[in-house]
Amino acid sequence: MKVGIIIGSIREGRTGEQVAVWVEKAAANRTDAEYGVLDLKDFDLPLLTSATVPGAANRQYDSVNVTRWSQAIDAYDAFVFVTPEYNHGIPGAFKNAFDTLGPEWTGKTVAFVSYGADGGVRATEQWRQVTANLHLHDVRASVALGLFSDFDETGLAPLERRDAELSAMLDELTRLTARLG
Ligand SMILES: Cc1cc2nc3c(=O)[nH]c(=O)nc-3n(C[C@H](O)[C@H](O)[C@H](O)COP(=O)(O)O)c2cc1C
């Protein structure tokens, strides 16, 4: 089983990278799946402008970068979306990256690690609605890192309970993925 940890921010100096590193480090101690990081920034995806709806494109895309993104997502069974909250919602670049593909997501599983002033929970809840449309199965457990509780002047400094929360979330994700086979 392969689990992709997606860094959902492409901003210069983004916080998302530290959060993904924290998830990746925890995942490295686990034997339930093979974990890898997918950094949205590496794909430099164009805004979706093609006439063909991705769900009907039969994985034939106009852009080489979109084809690379498609192949990357195809290679995973499950995902951890590391998502910031922008203006009380999901970040545009990440939503565009999601919209850009179709069947590559279908029937797979997803869990959310969010961050923001209020833990980014609004982004996670929006993602649950959005991902359902492509038949992704989301797990209930999530991790919400508060900018004022889980970060200090040096960066990410998660509260003690976060490791257990992350572990429980990954347990749930891999269990569900295995059951869906
Ligand atoms: C366009 C924009 C909108 C934001 N809106 C929110 C928000 O609605 N709620 C929140 O908690 N933080 C908000 N923030 C602050 C982000 O949580 C914070 O900048 C975080 O570091 C963003 O993640 P990133 O650095 O990985 O891009 C916003 C940041 C940006 C850039």
Side-chain angles (χ1 to χ4, degrees), residues 2-28 35-49 63 65-66 68-70 72-73 75-76 78-101 104-105 108-134 136 138-170 173:
K2 288 187 73 179
V3 179
I5 301 160
I6 302 180
I7 307 179
S9 167
I10 59 169
R11 284 192 323 119
E12 294 298 326
R14 63 210 164 142
T15 300
E17 208 169 328
Q18 305 171 42
V19 177
V21 166
W22 174 66
V23 175
E24 190 187 12
K25 276 193 182 149
Y35 291 86
V37 172
L38 291 164
D39 186 348
L40 218 50
K41 205 174 166 69
D42 289 342
F43 292 89
D44 194 20
L45 293 169
L47 281 176
L48 176 61
T49 54
S63 148
N65 287 3
V66 173
R68 242 176 5 102
W69 175 235
S70 162
I73 296 302
Y76 287 90
F79 302 96
V80 175
F81 280 18
V82 175
T83 184
E85 176 181 300
Y86 288 173
N87 292 318
H88 288 189
I90 59 185
F94 200 178
K95 176 65 160 56
N96 178 67
F98 185 79
D99 292 344
T100 292
L101 305 181
E104 296 86 343
W105 301 112
K108 296 180 178 177
T109 53
V110 63
F112 305 97
V113 174
S114 62
Y115 50 97
D118 297 309
V121 291
R122 286 169 287 237
T124 289
E125 293 311 310
Q126 287 189 5
W127 273 123
R128 292 186 191 282
Q129 293 185 11
V130 168
T131 54
N133 188 55
L134 290 182
L136 273 154
D138 60 318
V139 298
R140 180 188 184 282
S142 62
V143 180
L145 301 167
L147 292 182
F148 303 110
S149 54
D150 294 275
F151 293 83
D152 62 19
E153 57 290 342
T154 64
L156 179 62
L159 293 175
E160 208 178 313
R161 67 171 191 270
R162 299 302 184 206
D163 286 331
E165 290 174 2
L166 177 59
S167 172
M169 188 195 81
L170 295 176
L173 181 66

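Index from 1, following the sequence. Please read these numbers as outputs of a predicted model, since none were measured by experiment. Every number for a ligand or one of its atoms is a count from 1 in the order of the listing.
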**Student:** Stepwise, does the side-chain contact (heavy atoms from CB on, under 4.5 Å) test hold for Val110 with Trp105?
**Tutor:** CA-CA 10 Å; Val110 63; Trp105 301 112; over 6 Å; no
**Student:** List every atom of ligand 1 that sits less than 4.0 Å from any heavy atom of Gly116, numbering the atoms from 1 in the order shown and giving each element.
**Tutor:** 11 (O), 17 (O)
**Student:** Please identify which atoms of ligand 1 are closer than 4.0 Å to at least one heavy atom of Pro84.
**Tutor:** 22 (C), 23 (O)
**Student:** Report yes if some N/O of Ala117 lies less than 3.5 Å from some N/O of ligand 1; otherwise report no.
**Tutor:** yes
**Student:** Let's go through Leu145 and Arg162 carefully: what are the C-alpha distance in whole Å and the side-chain angles of both, what is the deciding distance for side-chain contact (heavy atoms from CB on, under 4.5 Å) to 0.1 Å, and is it a yes or a no?
**Tutor:** CA-CA 8 Å; Leu145 301 167; Arg162 299 302 184 206; 3.9 Å; yes
**Student:** Could you walk me through whether Lys95 and Tyr86 pass the side-chain contact (heavy atoms from CB on, under 4.5 Å) check?
**Tutor:** CA-CA 11 Å; Lys95 176 65 160 56; Tyr86 288 173; over 6 Å; no
**Student:** Any side-chain to backbone donor/acceptor pair from Gln126 onto Ile90? Under 3.5 Å, distance only.
**Tutor:** yes
**Student:** For the backbone of Thr154 and the side chain of Asp152, can you confirm whether one donor and one acceptor N or O come within less than 3.5 Å of each other?
**Tutor:** yes
**Student:** Considering only the protein, which heavy-atom contact is closest to atom 19 (O) of ligand 1, and what is its distance?
**Tutor:** Arg11 NH2, 3.9 Å
**Student:** Could you pull out, from His88, Arg122, Glu85, the option with a heavy atom nearest to atom 15 (C) of ligand 1?
**Tutor:** Glu85
**Student:** Determine whether a donor-acceptor pair (N or O, by modelled atom type, separation under 3.5 Å) exists between the side chain of Ser114 and the backbone of Ala144.
**Tutor:** no
**Student:** Considering only the protein, which heavy-atom contact is closest to atom 23 (O) of ligand 1, and what is its distance?
**Tutor:** Tyr115 CE1, 3.1 Å
**Student:** Mark up the atoms of ligand 1 that fall under 4.0 Å of a heavy atom belonging to Ser9, in ascending order.
**Tutor:** 24 (P), 26 (O), 27 (O)
**Student:** For ligand 1, which atoms, with element, lie under 4.0 Å from some heavy atom of Thr15?
**Tutor:** 21 (O), 24 (P), 25 (O), 26 (O)
**Student:** Heavy-atom contacts under 4.0 Å between Val19 and ligand 1: side chain, backbone, both, or neither?
**Tutor:** neither
**Student:** Does the N or O separation between Gly16 and ligand 1 drop below 3.5 Å for any pair?
**Tutor:** yes
**Student:** Without swapping roles, check the side chain of Lys108 against the backbone of Leu136 for a donor-acceptor pair under 3.5 Å.
**Tutor:** no
**Student:** Say whether, by atom type as modelled, one donor and one acceptor occur between the side chain of Arg128 and the main chain of Val139 under 3.5 angstrom.
**Tutor:** yes
**Student:** Considering non-hydrogen atoms of the protein only, which is the closest contact for atom 18 (C) of ligand 1, and what is the distance?
**Tutor:** Leu147 CD1, 4.1 Å
**Student:** I'd like to know if Glu125 pairs up with Arg122 as an ion pair, taking the criterion as any Lys NZ or Arg NE/NH1/NH2 lying under 4.0 Å from an Asp or Glu carboxylate oxygen.
**Tutor:** no
**Student:** Using distance alone, determine whether Tyr86 and ligand 1 share an N or O pair under 3.5 Å.
**Tutor:** yes
**Student:** Identify which of Asn87, Ile10, Val121 has a heavy atom lying nearest to atom 5 (N) of ligand 1.
**Tutor:** Asn87
